[in-house]
Amino acid sequence: MAATIPDPRPGTHTANESPPPSNRPGRVEVHGIDHIAEHERHGRARELFTVWAAANVNYLSLVVGGALILMGLNLWQALVVIVVGNLFWLAVGLLAVSGPASGTPSEVVMRAMFGIRGNRVNIAITGWAICICYIALNMAAAALAAFSLVEKAGIAPTTGVKIAVVAVIATLTLAISVYGHATIVKLYLPITVVLTAAFAVVAFSVLGNTDFGYQPAEPLTGGALWATLVAGVTLIASGPLSYTNSADFSRYLPRTTSPRAIAGWTALGGFLPSVVVTSLGAFAATAVDMTDPQTALETILPRWFTPFFLLALVLGTISINAMTAYSSGLALQAVGVRIRRSLSVIVDGVLAVALTLYALLVSNFLDTVSNVLQLTVVLLGPSMAIYATDILLRRNQYDGLALTDESPASPFWFTAGVNRAGALALTLGTTAAALCVNTLYTGPLAHAMGGMDLALPVGVVVASALYATLTRRSRAGLGTAVRA
């Protein structure tokens with residue numbers, strides 16, 4: 001029994017007629033976390049490139065790129081950090097292969113790692129709650145650009161106007177998410193083209209003003225330099241690490257689709273635009289003060305292009321947020337809430353709007369972004385490591401129908417609904433990462449190492465190694481639902 005209520009299919013049909021396709025652009029997707037039958041699978045792996053590319057040409061990447069220079073790195077150090085941090089998109093690609101193999105989203109696949117009940121707790125924290133935070137952060141980024149656009153139109157950005165702008169952005173975002181997978185795949189090709197054209201103009205202007213020999217007034221050396229480099233990689237890696245849900249967007253592909261193609265197009269779609277856009281933020285920071293990225297960039301862009309630039313920022317952020325909101329809706333179902341996917345998206349959107357208004361009207365946006373992104377790796381690094389390890393241990397063989405069975409008879413019930421190997425690996429991996437983190441607070445190990453933040457590598461290694469070891473030693477092992 002799957003914990004989901006299918007959305008009603010548009011239109012009607014008789015008993016002798018085939019039901020209309022359940023995943024078509026412009027129609028509300030009827031599937032939630034339930035299994036996608038093979039006859040409903042369609043598409044090609046290369047479609048994943050534009051889905052991920054559209055989501056990663058965004059304002060937040062510019063902000064993060066500029067933050068690397070503000071942290072005290074020189075330009076070339078920042079570029080190395082950007083490339084290294086974005087290599088984690090390879091892991092996102094690996095996770096995506098489990099979608100077609102199981103015919104289910106990531107939120108269901110992870111029952112194999114944590115058990116039916118254990119996964120509800122896992123998804124509630126590392127899936128649903130973090131999705132809401134990311135929706136709020138990205139919505140705040142889009143709102144800042146929209147506020148400026150409204151002001152240029154001669155409208156004073158009062159509190160009431162700001163709330164209205166956030167509401168409009170949220171409505172557009174949630175509309176895409178409610179219509180679902182097929183609409184996202186259809187829309188994101190033209191969105192990728194539009195955003196690429198807009199950011200090409202940005203790149204031309206930024207590169208013309210870049211100081212390629214930039215050095216900070218007080219260059220970092222020794223331990224301070226290494227600590228900043230590691231913190232920078234963590235900051236960049238937090239982007240791909242937030243996508244432990246990449247199977248959500250690949251699960252409609254036929255089971256026979258090449259895993260290499262799925263992993264490759266997913267990883268490339270995230271890596272290329274992330275590297276380019278984040279690098280533009282770093283380039284810009286050598287010429288202007290990126291503590292206020294939007295205003296700073298407007299000073300070096302052609303005046304006629306400013307409105308288009310602001311619109312591109314809003315469009316790019318809506319794209320990434322629509323994907324995140326889509327997955328948050330699936331996550332809410334996976335937690336055990338009996339609600340239609342379309343309604344769960346709306347519920348999550350309302351919560352995210354509340355957080356967005358707080359980020360905009362109460363807290364400092366740039367500080368909030370940096371702190372949240374760095375802190376999430378404490379949870380997301382170990383979670384992604386366990387997921388990737390499970391795929392490798394199982395050789396990507398998942399029984400999707402068995403994964404949707406939530407009864408005690410399920411092969412993924414393990415012990416009292418919990419896979420102890422996954423639960424222990426995630427707990428200890430997260431604990432190890434927390435001891436090494438240096439962001440909102442400094443862990444004891446980070447303090448002993450002079451502020452060096454090793455939360456990401458430590459959490460990943462501990463969680464992955466422990467999960468592999470415990471799984472091999474456990475009587476339950478990988479469960480009984482592994483098909484050869």
Side-chain angles (χ1 to χ4, degrees), residues 1-6 31-35 95 98-99 101-132 244-245 247-248 251 327-341 344 347-348 378-391 393-394 397-431 459 463-464 466-482:
M1 178 184 67
T4 179
I5 302 175
H31 285 295
I33 60 172
D34 49 316
H35 177 258
L95 269 54
S98 63
S102 65
T104 63
S106 291
E107 292 81 1
V108 172
V109 177
M110 284 191 278
R111 291 172 177 172
M113 292 137 241
F114 302 105
I116 303 300
R117 288 176 172 170
N119 191 52
R120 290 176 181 172
V121 178
N122 168 60
I123 292 298
I125 300 171
T126 66
W128 181 75
I130 288 180
C131 271
I132 298 299
T244 55
N245 54 3
D248 296 4
R251 74 190 195 279
S327 289
S328 75
L330 296 175
L332 189 59
Q333 289 185 326
V335 169
V337 178
R338 298 282 296 173
I339 187 174
R340 290 172 179 162
R341 183 200 61 81
S344 66
V347 170
D348 292 347
V378 171
L379 289 168
L380 297 178
S383 178
M384 180 173 280
I386 292 170
Y387 195 163
T389 301
D390 191 78
I391 290 174
L393 290 175
R394 294 174 186 275
Q397 296 172 5
Y398 293 96
D399 187 331
L401 288 174
L403 283 166
T404 60
D405 180 3
E406 296 186 354
S407 72
S410 167
F412 298 104
W413 187 256
F414 295 99
T415 303
V418 178
N419 182 352
R420 293 176 180 175
L424 187 59
L426 182 60
T427 300
L428 294 183
T430 299
T431 300
S464 179
L466 191 58
Y467 181 71
T469 301
L470 293 174
T471 297
R472 290 191 178 112
R473 292 181 178 179
S474 171
R475 289 184 179 180
L478 296 171
T480 59
V482 181

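Computed from heavy atoms alone, side chains included, the values below leave out hydrogens, waters and symmetry copies.
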From L403 atom CG to D34 atom CG, the distance as rounded to the nearest 0.5 Å: 13.0 Å

Donor-acceptor side-chain pairing of S98 and Y387 below 3.5 angstrom: yes

Smallest separation among heavy atoms of A247 and L95, with atom names: CB-O, 4.0 Å

Test side chain to side chain contact (heavy atoms under 4.5 Å, CB included) applied to L470 and R420, step by step: CA-CA 8 Å; L470 293 174; R420 293 176 180 175; over 6 Å; no

Q333 side, atom CD; E107 side, atom CD - distance, nearest 0.5 Å: 9.5 Å

Residue pair T244, S383: steps toward the side-chain hydrogen bond (donor to acceptor under 3.5 Å, both in side chains) verdict: CA-CA 8 Å; T244 55; S383 178; 4.9 Å; no

Polar side chain donor-acceptor pair, N245 to S327, under 3.5 angstrom: yes

Interatomic distance, D348 atom CG to I132 atom CD1 [nearest 0.5 angstrom]: 4.0 Å

By side chain to side chain contact (heavy atoms under 4.5 Å, CB included) - contacts of A423 (at least two apart): V418

Test salt bridge (Lys or Arg N to Asp or Glu O under 4.0 Å) applied to D248 - qualifying residues, sequence neighbours left out: none

Rounded distance [0.5 Å steps], CE in M384 versus OG in S106: 9.0 Å

Heavy-atom side-chain contact between L426 and T430 under 4.5 Å: yes

Between CE on residue M113 and CG on residue L393, distance to nearest 0.5 Å: 10.0 Å

Salt-bridge criterion met for R120 and E406 (N-O under 4.0 Å): yes

Any donor-acceptor pair under 3.5 Å from S102 side chain to G400 backbone: no

Sub-4.5 Å side-chain heavy-atom contact between V121 and F114: no

R394 side-chain N/O to A112 backbone N/O, donor-acceptor pair under 3.5 Å: yes

Residue pair P411 / A402: nearest heavy atoms and the distance that separates them: CG-CB, 3.8 Å

Spacing of CG belonging to L424 relative to OH belonging to Y467, to within rounding of 0.5 Å: 12.0 Å

A331 versus I123, closest heavy-atom pair with distance: O-CG2, 3.5 Å

Side chain proximity check, L379 to I125, heavy atoms < 4.5 angstrom: yes

Donor-acceptor under 3.5 Å (N119 side chain, R117 main chain): no

For C131 against S328, the heavy-atom pair lying closest together: CB-CB, 3.7 Å

Least distance between heavy atoms, I386 atom then G422 atom: CD1-O, 3.9 Å

Y398 side chain near D390 side chain, heavy-atom distance below 4.5 Å: yes

For L466 against A425, the heavy-atom pair lying closest together: CD2-CA, 3.7 Å

Non-hydrogen side-chain atoms of I33 and T404 separated by less than 4.5 Å: no

Between D405 and W413: side-chain donor-acceptor atoms closer than 3.5 Å: no

